[in-house]
Engineer: 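Sharing a structure, written as structure tokens. Questions coming.
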Amino acid sequence: MLPSLSSGAIRVLTGSHTPDSGGDGPGVSALLLDPTTGHLAYDDEVKPLPVSGASFLAAHPSLDVVYSTNETEAGTVSAFALDGEGTMTPLGDPVSGGGANPCHLTVHPGGEWLLTANYGSDTAPGTVAVHRIDADGRLLEPADLVVHQGAGPVTGRQEGSHAHQVLLDPAGRFVLATDLGADAVFTYRLDTRTGHLERVAVNRLRAGSGPRHLAFAPGGDVVFSADELSSTVTCHRYDATRGTLTALSSVPATTVTGVTNQPGGIVAGGRHVWVTNRGADTVAAFHLAGTTLEPAGEFPAGGTWPRGLTLAAGHLLVANQHSGDLTVLRVSDDGTLHPPHPALSAPSVVCALAL
């Protein structure tokens, strides 16, 4: 633990791929971030928790409980509690995620439901599952499961549906699920009494774009997509009354040439948007001018294959999966980024959650 961070430190949890999910990480690890300097270090008082394939983490809105995907073919999700010192304790056994390779999850603001996006596989379609959350944060078996249908033109990646993210819109009215394989964002209404998902819209995005993740601008009327297969970032108008997206403009995710690039994480703050580029190994910054994204610079990620991206206290935390390290870049008022702090070793890291 960092003695100088006894007060004011931000607790950060990282998720990594473990040996049974193709990596060499420990699962979930606890770190401390100094919000003033951006210095990041492991919390030596907290042992890592061996969570299988911990590719995404989400916190409960009112309980000291965190949920993790277990990204394997078996497809499960886990819950664990945090005590006052940050010690992590599993809450029961992992439960079925409702599909293969769960890769993203989110907790409904009411705290009673967990939504999970299951990527699927070459033979299994993408799905979205709903789990009821018990009073102490434990997960019960799925209350509902929706199966995505669709395909796209990119051979080897779009023969079938692949759900990649599930999130609530800013008003909490609709559930949005991106599907990389179907080139679509599915919109659902969640019945908070039963956990049932009712489909209300299918937003067809540009063919072959492969939408991976969404990020809303403040105000909720604009949403950005990181398009993995076309290596673009698209600005969409969001109709909060219908849960629909209308594409407004699109820009390349990177200016680096000569590499095959796949955007990964995307976050928005103010009029700025940041995207990780796997291949270019950069973080690109954009500024929203009206309905157009304008490049604001492209900055080294400090490692290779930057996947997860987290905004915390004026800093971006970048999870560099292939180089196995976590870097911190300070955000300037104009959205540009300062060079990263020295990388912190984090084998097979893919995501970070600031608590």
Side-chain angles (χ1 to χ4, degrees), residues 101 103-104 117 119-122 125-126 148-167 176-187 201-217 222-238 244-268 272-299 301 304-309 318 321-322 350:
N101 296 301
C103 55
H104 190 275
Y119 183 85
S121 66
D122 291 342
H148 287 182
Q149 302 292 335
V154 180
T155 302
R157 296 297 307 276
Q158 292 189 312
E159 279 73 15
S161 61
H162 295 300
H164 219 306
Q165 183 196 38
V166 60
L167 75 165
L176 305 180
T178 63
D179 197 294
L180 182 148
D183 286 326
V185 175
F186 292 81
T187 303
V202 180
N203 301 278
R204 301 295 180 186
L205 275 55
R206 189 173 66 257
S209 59
R212 179 183 175 92
H213 279 192
L214 301 176
F216 276 91
V222 173
V223 63
F224 311 100
S225 62
D227 311 319
E228 178 170 326
L229 301 184
S230 60
S231 187
T232 53
V233 182
T234 302
C235 175
H236 309 261
R237 179 71 64 195
Y238 180 67
T244 56
L245 283 72
T246 303
L248 300 173
S249 60
S250 184
V251 294
T254 180
T255 58
V256 177
T257 60
V259 298
T260 298
N261 186 70
Q262 298 177 7
I266 181 169
V267 297
H272 306 296
V273 184
W274 301 275
V275 179
T276 57
N277 284 305
R278 297 169 298 165
D281 294 334
T282 62
V283 179
F286 301 91
H287 173 74
L288 182 63
T291 59
T292 302
L293 284 171
E294 298 180 346
E298 191 166 356
F299 308 88
T304 57
W305 208 253
R307 177 165 163 172
L309 188 64
V318 184
Q321 182 177 357
H322 288 180
V350 289

Engineer: Would a distance-only check, ignoring hydrogens and angles, find a side-chain to backbone donor-acceptor pair under 3.5 Å from S249 to T291?
Structural biologist: yes
Engineer: Kindly write out the residues that satisfy side-chain contact (heavy atoms from CB on, under 4.5 Å) with H287, not counting sequence neighbours, or none if the list is empty.
Structural biologist: R271, H272, A289, E294
Engineer: Check for a donor-acceptor pair, side chain of Q158 on one end and backbone N or O of L180 on the other, with a separation under 3.5 Å.
Structural biologist: yes
Engineer: Which atom pair, heavy atoms only, marks the closest approach of S250 to T232?
Structural biologist: OG-CB, 3.5 Å
Engineer: Would you say the side-chain atoms of D227 and S209 include a donor-acceptor pair closer than 3.5 Å?
Structural biologist: no
Engineer: Which pairs, with at least one residue in residues 274-288 and sequence neighbours excluded, count as a salt bridge (Lys or Arg N to Asp or Glu O under 4.0 Å)?
Structural biologist: E228-R278
Engineer: Measure the spacing between CG of L288 and CZ of F224 and express it to the nearest 0.5 Å.
Structural biologist: 4.5 Å
Engineer: Applying side-chain contact (heavy atoms from CB on, under 4.5 Å), run through N203 and T187 and close with a yes or a no.
Structural biologist: CA-CA 8 Å; N203 301 278; T187 303; 3.1 Å; yes
Engineer: Is there a side-chain contact between T178 and H104 in this structure, where contact means two heavy atoms from C-beta onward sitting under 4.5 Å apart?
Structural biologist: no
Engineer: Restricting to non-hydrogen atoms, name the atom on A247 and the atom on T234 that form the minimum distance, rounded to 0.1 Å.
Structural biologist: CB-CG2, 4.2 Å
Engineer: Without swapping roles, check the side chain of H162 against the backbone of Y119 for a donor-acceptor pair under 3.5 Å.
Structural biologist: yes
Engineer: Table please: side-chain donor-acceptor pairs of residues 251-260 below 3.5 Å, with sequence neighbours left out.
Structural biologist:
residue : atom : partner : partner atom : Å
T254    : OG1  : V256    : N            : 3.0
T254    : OG1  : E298    : OE1          : 3.4
T254    : OG1  : E298    : OE2          : 2.4
T255    : OG1  : E298    : OE1          : 2.9

Engineer: Classify the ring geometry of H148 against F186: parallel below 30°, tilted from 30° to 60°, perpendicular beyond 60°.
Structural biologist: parallel
Engineer: Check whether D179 reaches the backbone of V185 with its side chain - one donor and one acceptor, N or O, closer than 3.5 Å.
Structural biologist: no
Engineer: What orientation do W305 and H322 show, parallel under 30°, tilted 30 to 60°, or perpendicular over 60°?
Structural biologist: parallel
Engineer: Okay, side chain of D183, backbone of L205: is any donor-acceptor separation there less than 3.5 Å?
Structural biologist: no
Engineer: So do P263 and S231 actually touch side chain to side chain, heavy atoms under 4.5 Å?
Structural biologist: yes
